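Comments concern the structure below.
Throughout, numbering of the chain's residues begins at 1 and tracks the sequence. Just so it is clear, the values below take in all heavy atoms, side chains as well, and ignore hydrogens, waters and symmetry mates. Not measured: the values here are computed from a predicted model.
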Amino acid sequence: MMIRTLTLPRLLAIAGFALVALAGTARADAACRVPGTVTVTQRDERALRVSWTAPPGAQGRLTYRVTRAGRVVGQTKKRSMLVRTRPGLFISLRIGVVERGSARMRCSVAVKARTHARPRSDLLAPRNLDVRELTPQALRLDWATVRGAFGYRVYRDDTVVRQLQNTNLDVPVIAGRSYRLQVAAVDRAGRAGAMSKLVITSTGLSAPQAPTSLTATDAGGGGYQVSWRAAVAGSSPIRGYRVYRDGIVVGQGPETSRLVTGLEAGTAYRIEVQTFDSRGEASPLSAPLNLTLAPPVPTAGHGRAFLLASTDRSFEGLQANYMKIGRVYPTYYDCAPDGTFLGKDDPRITRWAQARRIQVLPRINCQRTAVQHRIFTDPVLRQRWIDQIVEVTRTNGYEGVNIDFEAGLASDRAVFSQFITLLTARMHAEGRIVSLCVSPKINDNSLTHPRSGIFDYPALSAQADEMMVMGWGVHWLTSPAGQLSPLSWIQAAATYAASMPNANRFVMGAALYGVDWPAGSGASRPGTALEYDDMQALIAAKGAVPQRDPGSGEMFFQYTDASGVVHDVRYLDVETIQAKHAAAAAGGIRQTFLWRLGDEDQRIWTLPSVSGL
């Protein structure tokens with residue numbers, strides 16, 4: 001009889017028997033003593049002899065316990081034990097030391113073993129073993145009856161699949177793998193006869209079929225619910241479906257429908273669906289479903305408004321009031337400290353606006369004095385900026401651009417005008433618009449003014465298509481509290497702009513934000529810019545009663561915070577905007593723009609001066 005140390009799964013031939021033994025792991029800690037090498041021998045088809053060596057360094061006789069599936073088989077001071085079993089049955093054993101004064105084993109060695117019955121030499125091998133594929137996941141085995149057999153044992157890759165009395169069996173398999181199949185007859189005692197011929201076979205791999213019957217239902221808001229009929233599986237079970245929009249995956253999952261969003265009115269789309277199975281095999285694409293959304297109603301307005309691309313609230317403001325807006329200026333681009341042109345288009349905003357015939361002129365912002373100076377005076381950098389501005393307008397189909405270069409040096413007045421002249425020539429050659437933000441001024445007596453000195457109104461208005469006068473900022477976040485833009489100041493700035501040779505190109509702007517200044521405000525205690533809705537929440541929280549300032553049309557109030565600091569607050573409502581537009585009109589400028597969309601007093605959209613209607 002052969003004896004082997006249980007260190008690896010083995011199939012042992014033992015005096016006409018077969019023994020399978022699997023080594024386990026010790027469940028121990030540093031203080032545990034566990035038996036050494038464990039061996040298993042098969043005495044007969046219904047009994048195994050389990051033997052072991054003493055723990056390393058053990059002295060004296062120890063008490064050992066053997067358990068089977070958690071139940072005690074026996075306890076001994078010897079180093080072996082006979083374990084009863086049945087032929088072909090896997091059993092799990094643990095052998096451990098029972099420490100003195102303890103009723104349990106703290107640690108043990110685990111083994112698994114299985115016996116095979118003594119073969120029956122008089123049981124013939126089953127004949128005519130036939131194997132055929134039922135499905136990629138199942139093989140059908142048939143064989144002839146063996147005289148004297150009580151049943152039959154079916155083997156797949158030398159492992160018993162099942163024992164049965166019929167002469168056929170469907171054996172589960174995995175598609176694309178090779179298998180070894182045999183059958184042996186058995187008697188009532190479970191002793192097997194000779195093995196049938198060996199059949200080696202495999203099932204083919206086939207991909208799932210594509211989904212069919214694609215349909216789409218309008219879900220509103222640029223979304224369609226796309227549905228399809230469940231696909232037929234191939235070799236492996238279906239795991240789910242991938243949905244493509246114009247060749248790009250927009251989602252996947254086990255469902256037979258998916259909401260496809262982001263569809264723009266007036267645009268055609270190709271929707272396709274693909275099946276994939278548990279092996280990752282994919283079907284061909286389904287027949288395409290072509291969707292074309294009806295174009296939206298185009299805007300009827302002529303209003304101008306900036307849009308802060310970094311917040312959805314601003315885009316939502318455009319969507320809610322687009323019928324009053326003819327031109328929008330999203331804040332897409334900026335300058336880096338090293339003079340690099342930064343930013344990117346947001347097609348969600350751009351395409352949505354253009355589909356409604358709203359002109360898109362992205363704001364190209366730069367508020368870095370030193371960077372501006374380099375752009376205007378370094379020929380290489382200047383050309384690079386002009387080329388990049390032209391390129392983004394071409395690539396994204398903008399109707400033009402808005403240039404917002406603030407905090408420039410008054411001494412750069414001439415080179416800035418030259419930059420605008422060169423840019424405008426390139427843009428006009430392609431039929432595009434140049435819009436220019438400028439600081440307000442009531443005369444041009446002070447050419448060194450830190451905000452407005454750089455802007456040469458006559459020279460710039462001769463080139464740019466639009467001169468956007470930023471009609472706010474008399475008081476700002478780091479200044480003392482006060483009027484954001486007095487009405488008399490707006491009228492004076494409009495009067496000066498209206499005196500220019502190209503007065504029809506000037507547009508007067510109004511800011512929609514308010515400011516909350518703490519007492520002693522300045523660079524170290526700046527005010528906070530708040531939208532109209534935020535102002536209303538603050539008023540409600542503090543129980544404030546705002547009053548209107550006749551000199552600016554602005555609403556103002558005070559409150560004291562939890563730290564005892566007094567705050568001065570100013571904001572703009574519909575009457576404020578109406579008063580500022582009236583002041584600009586009195587000075588000769590009737591065209592207006594808004595900085596910026598998002599949480600404004602919604603009543604402003606009833607003003608003709610806002611929408612141009």
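Residue pairs meeting the ring pair (Phe, Tyr, Trp, His ring centres under 6.0 Å) criterion with at least one partner in residues 189-213, sequence neighbours excluded, do not occur; the list is empty. Pairs passing the side chain to side chain donor-acceptor pair (under 3.5 Å) check and including a residue from residues 169-186, sequence neighbours excluded, read Arg140-Asp170. Among pairs with a residue in residues 236-249, none fulfils salt bridge (Lys or Arg N to Asp or Glu O under 4.0 Å), at least two apart in sequence or across chains. For residues 141-151, the pairs satisfying side chain to side chain donor-acceptor pair (under 3.5 Å) are Arg132-Asp142, with sequence neighbours left out. For the disulfide (SG to SG under 2.5 Å) condition, the pairs that include at least one residue of residues 301-363, sequence neighbours left out, are Cys335-Cys366. For residues 218-254, no pair satisfies disulfide (SG to SG under 2.5 Å), with sequence neighbours left out.
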Using a 3.5 Å cut-off and no angle test, enumerate the donor-acceptor pairs between side-chain atoms of residues 279-304 and protein atoms at least two apart in sequence or in another chain.
from   : atom 1 : to     : atom 2 : distance (Å)
Ser283 : OG     : Thr275 : N      : 2.9
Ser286 : OG     : Val273 : N      : 2.9
Ser286 : OG     : Val273 : O      : 3.4
Thr299 : OG1    : Gly301 : N      : 3.1
Thr299 : OG1    : Tyr322 : O      : 2.8
Thr299 : OG1    : Met323 : O      : 3.4
Thr299 : OG1    : Ile325 : O      : 2.7
Arg304 : NE     : Glu466 : OE2    : 2.5
Arg304 : NH1    : Gln591 : OE1    : 3.4
Arg304 : NH2    : Gln591 : OE1    : 3.1

Ignoring hydrogens and angles, write down the donor-acceptor pairs under 3.5 Å from the side chains of residues 355-365, residues two or more places apart or on other chains.
from   : atom 1 : to     : atom 2 : distance (Å)
Arg356 : NH1    : Trp352 : O      : 2.9
Gln359 : OE1    : Arg327 : NE     : 2.7
Gln359 : OE1    : Arg327 : NH2    : 2.8
Arg363 : NE     : Asp404 : OD2    : 2.9
Arg363 : NH2    : Asn365 : OD1    : 2.9
Arg363 : NH2    : Asp404 : OD2    : 3.0
Asn365 : OD1    : Gln367 : NE2    : 3.0
Asn365 : ND2    : Asp334 : OD1    : 3.4
Asn365 : ND2    : Asp334 : OD2    : 3.2

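Taking Tyr332 as the reference, nothing meets the ring pair (Phe, Tyr, Trp, His ring centres under 6.0 Å) condition, with sequence neighbours excluded. By the salt bridge (charged side-chain N to carboxylate O under 4.0 Å, His left out) test, Arg432 pairs with Glu430, sequence neighbours left out. Residues satisfying the salt bridge (charged side-chain N to carboxylate O under 4.0 Å, His left out) test with Asp312, not counting sequence neighbours, are Arg348. Annotation: ring pair (Phe, Tyr, Trp, His ring centres under 6.0 Å) contacts of Tyr241 (sequence neighbours excluded): Trp228.
A parallel orientation is assigned to the rings of Phe306 and Tyr329, their planes being inclined by less than 30° (bins at 30° and 60°).
Remark: Arg596 CZ to Thr311 OG1 distance equals 6.0 Å, nearest 0.5 Å.
For the 3.5 Å distance criterion, the side chains of Asp218 and Gln225 fail to qualify, holding no donor opposite an acceptor.
Salt-bridge check for Glu391 with Arg384: failed, with every basic side-chain N at 4.0 Å or more from each acidic carboxylate O.
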